[in-house]
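Here the structure comes first, spelled out in structure tokens, and everything after it is commentary.
Each chain gets a letter, A, B and so on, in the order its sequence line appears, and its residues count up from 1. Note that the structure is predicted; figures quoted are calculated from it, not measured. Heavy-atom basis, side chains included; hydrogens, waters and symmetry copies ignored.
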Amino acid sequence: MKIASWNVNSLSVRIEQVIGWLKNTSVDVLCLQELKMESSKFPAQLFHELGYQAIWSGQKTYNGVAIISKTPLTVEQYNNPYYADAQQRLIAANIQINDQTIRLICVYCPNGSELGSDKFTYKMQWFDALNVYLKEQLNTYPNLVLTGDFNIAPDDRDVHAKYQGDILVSPEERQQFSNLLALGLHDSFRLFEQEEKSFSWWDYRQFAFKRNAGLRIDHLLISNALTKKCTASSIDKAPRGNERPSDHTPVIVTLDMTA
DNA sequence: ATGGCGGGCGGAGCCCGA
């Protein structure tokens, strides 16, 4: 089965691209971030017509997350129960596959703006609370996928030279990423040989995509139990070359749940 | 050092993202 994540930077602008991508890839699960859409406007019917169910949590102008799945979504969670947050940045649910439960947690992590800012403090507190939630969730669900836009490039390999030492790559942010791995999560992308300079986001400005001046900030973290079932993890760069693209492109993990 | 592009909001120009 394939599980994907895509920060679409406005679902209303990107809906045709998302539907087209689902038709082409037929992933089992797609986690979306940055809907920038009120919940009442979520186009659930368009996903139903393709055979997908959906749960979502939106708000006007900013943030917003959703999970689209071919199989039923249960035990839904909207927002982190350990963090009172008006910003819609976390949604979670279970899927059943071959009599096994997989816990899916979809996140749009804060950007942080700049080091030392109030938004950076919010980012750190948000990740502290995410860590508490994940510790609890991993105790309950051995098969767990934490995916989304982390707004952290975990390693120098994940960074175009220009961004060295700045927001998204600071030691404090990378420590937050390490803290999640320390709970028993793995960066699925790094379980496999990958091309150098593999990124998931490129600035709209200065032909950054054409120059491959990007960052790898969208991730699929999988629990210990799932590493044995993980057969691939990749980035699909194609949608970033679309007309009017999102600045992020989808990331995909493949799990063999018969193994 | 600054702004650069694109989306939302609102109906011009600013805030925000990464």
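- Comparing the P positions of B:dA18 and B:dG7 gives an interatomic distance of 14 Å, to the nearest angstrom.
- When rounded to the nearest whole Å, the span between CG of A:Leu168 and C1' of B:dG17 equals 10 Å.
- The OH atom of A:Tyr122 sits 14 Å away from the P atom of B:dC16 (whole-angstrom rounding).
- A close approach under 4.0 Å does not occur between any side-chain nitrogen or oxygen of A:His248 and OP1 or OP2 of B:dG17.
- Within residues 211-221 of chain A, the residues having any heavy atom closer than 4.0 Å to DNA chain B are, in order of number, A:Leu215, A:Ile217.
- Here A:Asp203 does not pair with A:Arg211 in a salt bridge; the nearest charged N to carboxylate O distance is not below 4.0 Å.
- Across all strands, A:Phe207 comes closer than 4.0 Å to no nucleic acid atom at all (heavy-atom distances).
- Partners of A:Phe209 by ring pair (Phe, Tyr, Trp, His ring centres under 6.0 Å), not counting sequence neighbours, listed by chain and number: A:Trp202.
- Residue A:Asp166 is out of contact with every strand shown, counting any heavy-atom pair closer than 4.0 Å.
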Task: Derivation of the side chain to side chain contact (heavy atoms under 4.5 Å, CB included) call for A:Tyr83 and A:Val132 - done: CA-CA 10 Å; A:Tyr83 193 76; A:Val132 172; over 6 Å; no

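- For the OP1/OP2 pair of B:dA18 and a distance below 4.0 Å, the side-chain nitrogens and oxygens of A:Lys119 include no atom meeting the criterion.
- Nucleotides B:dG3 and B:dG17, compared at atom C1', are 14 Å apart to the nearest Å.
- The pair A:Arg174-A:Asp156 meets the salt-bridge criterion, since a charged nitrogen lies less than 4.0 angstrom from a carboxylate oxygen.
- Rounded to the nearest Å, the gap between the P atom of B:dC14 and that of B:dG4 is 11 Å.
- Rounded to the nearest Å, the gap between the P atom of B:dT2 and that of B:dG6 is 23 Å.
- Distance, A:Arg89 CZ to B:dG17 P: 7 Å, rounded to whole Å.
- A:Glu173 places its CD atom 10 Å from the C1' atom of B:dA18, with the value rounded to the nearest Å.
- A:Leu255 and A:Leu138 fall into different hydrophobic clusters, where Ile, Leu, Val, Met, Phe, Trp and Tyr side chains are chained together by heavy-atom contacts under 4.5 Å.
- Taking the centre of each ring, A:Tyr62 and A:Tyr108 stay at or above the 6.0 Å mark.
- With hydrogens and angles left out, the side chain of A:Asn151 and the base of B:dA18 share no donor-acceptor pair within 3.5 Å.
- A:Asn7 comes within 4.0 angstrom of sugar-phosphate atoms only, judged by non-hydrogen atoms across all strands, and of no base.
- Inter-residue side-chain proximity for A:Arg216 and A:Gln194 is flagged as unmet; no heavy-atom pair is nearer than 4.5 Å.
- By the 4.5 Å heavy-atom criterion applied to side chains, A:Lys123 and A:Asn111 are not counted as neighbours.
- A:Ile167 comes within 4.0 angstrom of no nucleic acid atom, judged by non-hydrogen atoms across all strands.
- Using P as the reference atom, B:dC15 and B:dG10 are 14 Å apart when rounded to the nearest Å.
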- [ ] Please lay out, stage by stage, how A:Phe150 and A:Val107 fare under the test side chain to side chain contact (heavy atoms under 4.5 Å, CB included).
- [x] CA-CA 7 Å; A:Phe150 286 68; A:Val107 289; 4.3 Å; yes

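- Here A:Lys197 contributes atom NZ and A:Leu215 contributes atom CG; the two are 11.5 Å apart, rounded to the nearest 0.5 Å.
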Task: Letter per nucleotide, 5' to 3', of nucleotides 3-13 of chain B [B base touched, S only sugar-phosphate touched, - untouched; heavy atoms, 4.0 Å] - done: BBBSSSS----

